[in-house]
Amino acid sequence: SRPAMSECMPVNGSALAIVRKLEESPQAIVAFARDYPAGYLIERHQHDRAQLIHAPAGIMRVDTPNGIWVVPPMRAIWVPSQVPHEIRANSAVKMRTLFFRPDARSDLPTDCCVIEVTPLLREMILRMVALTEAQPLVPPSVHLIELILSEIREIGALPLHIPMPEDARVRRICQAILQDPSDCRTS
C-alpha cells in the first residue's frame, strides 16, 4: 500500500547523499521529503539545481549570504542553484522540496524569494513527493511538471526577507544577535 501523500517515508542513509542522487536524475523536477525536529539545523550547503523548499507544517528559517527568510506554512522559499544556504527548523518541520534542473524553464526567479503556496501548488508538491517515493525512476507527467513551473512563475514574491547588512562590522553584530537573541549587551 502506498503512503498518504503527506507522510514522509523513512529513508536510510544520509539525506544529502539521497538528494545528490536525485539531482543526477534527467527529470526536470525531482522531489524530496524529510521531517525534522524543532531546533534541527541543516548546515550550509548548495545544490546544482534550483530548489523550492516548502513545509506544510512547521516554520523554517533559511539563511543565505544575502539575507534571512522566514518560511511559515503556506509559503515556500525559492533558492536558485549554487546559492549557499542553511535551514533551521524553528519548530517541528515537515519539509517537502522540489529540485529544478537548470534548463527546466528560463523565466523562474533568479534570486531567493518567498512565494505563496496556493492550494493547487501545495497539492502538486505533495503529488511530486508521492510519485518520487512510489516510483523514483518513473518520470512524472509532463503536464504536472509544466503546471508546477507555470504556477511558480505566476506567483509573486512575498516580503518575508530580512537583508543582511553589507558592512562587515554591522553584519558581525547581526550574526551575534541571531546566534544568541537573549544576549542583552548593548556594546
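This chain uses plain numbering: 1 for the first residue, then up along the sequence.
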The test is side chain to side chain contact (heavy atoms under 4.5 Å, CB included); show your working for V79 and I53 and say whether it passes.
CA-CA 8 Å; V79 180; I53 309 167; 4.0 Å; yes

Given M95 and D35, is the side chain to side chain contact (heavy atoms under 4.5 Å, CB included) satisfied, shown in steps?
CA-CA 6 Å; M95 187 182 300; D35 295 347; over 6 Å; no

Checking I77 against C113 for the side chain to side chain contact (heavy atoms under 4.5 Å, CB included) test, could you report, in this order, the C-alpha distance in whole Å, the side-chain angles of both residues, the deciding distance, and whether it holds?
CA-CA 6 Å; I77 182 168; C113 61; over 6 Å; no

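A distance-only check finds no donor-acceptor pair linking the side chain of W78 to the backbone of I115 [under 3.5 Å]. Side-chain N or O atoms of H54 include none that pairs as donor or acceptor with a backbone N or O of T97 at under 3.5 Å. When atom types are taken as modelled, the side chain of H45 and the backbone of E43 share a donor-acceptor pair closer than 3.5 angstrom.
Between V70 and V114, the shortest heavy-atom contact is O-CG2, 4.1 Å. Contact record, P80 with P109: CG-O, 4.4 Å, taken as the closest heavy-atom pair. Taking both residues in full, the closest heavy atoms of G58 and S91 are given as CA-OG, 3.3 Å, listed atom of the first, atom of the second, then distance. Heavy-atom minimum distance, I29 versus M128: O-CE, 3.5 Å.
Using a 4.0 Å cut-off between a side-chain N of Lys or Arg and a carboxylate O of Asp or Glu, E23 and K21 do not qualify as a salt bridge.
Considering only heavy atoms from C-beta on, Q51 stays 4.5 Å or farther from F100 through its side chain. Within the 4.5 Å cutoff, no side-chain heavy atoms of V62 are placed close to those of I68. Side-chain contact between R44 and P65: present, with at least one pair of heavy atoms (C-beta onward) separated by less than 4.5 Å. Looking at S81 and D48, their side chains never come closer than 4.5 Å, going by heavy atoms from C-beta outward. The side-chain heavy atoms of H47 and H85, taken from C-beta on, include a pair separated by under 4.5 Å. Here the side chains of F32 and V129 are not in contact, with every heavy-atom distance at 4.5 Å or above. Side-chain contact between I152 and L108 is present, with at least one heavy-atom pair separated by less than 4.5 Å. A heavy-atom distance below 4.5 Å is found between the side chains of L144 and L131.
Distance check, rounded to the nearest 0.5 Å: CG of L98 to CG of L121 gives 7.5 Å. Here S150 contributes atom OG and L120 contributes atom CG; the two are 10.5 Å apart, rounded to the nearest 0.5 Å. Note: E151 CD to I125 CD1 = 9.5 Å, rounded to the nearest 0.5 Å. In this structure, D107 CG and E154 CD are separated by 8.5 Å, a value rounded to the nearest 0.5 Å. Of the inter-residue distances, the one linking E116 atom CD with R75 atom CZ reads 5.5 Å to the nearest 0.5 angstrom. Rounding to the nearest 0.5 angstrom, the gap separating the CG atom in L41 from the CD atom in E86 is 5.0 Å.
Listed by chain and number, the residues in a side-chain contact (heavy atoms from CB on, under 4.5 Å) with P73 are I59 (sequence neighbours excluded). With sequence neighbours excluded, the residues satisfying salt bridge (Lys or Arg N to Asp or Glu O under 4.0 Å) with E146 are R105. By the side chain to side chain donor-acceptor pair (under 3.5 Å) test, R49 pairs with no residue at all, sequence neighbours left out.
For the side-chain contact (heavy atoms from CB on, under 4.5 Å) criterion with M60, the lone passing option out of N90, I42, V93 is V93.
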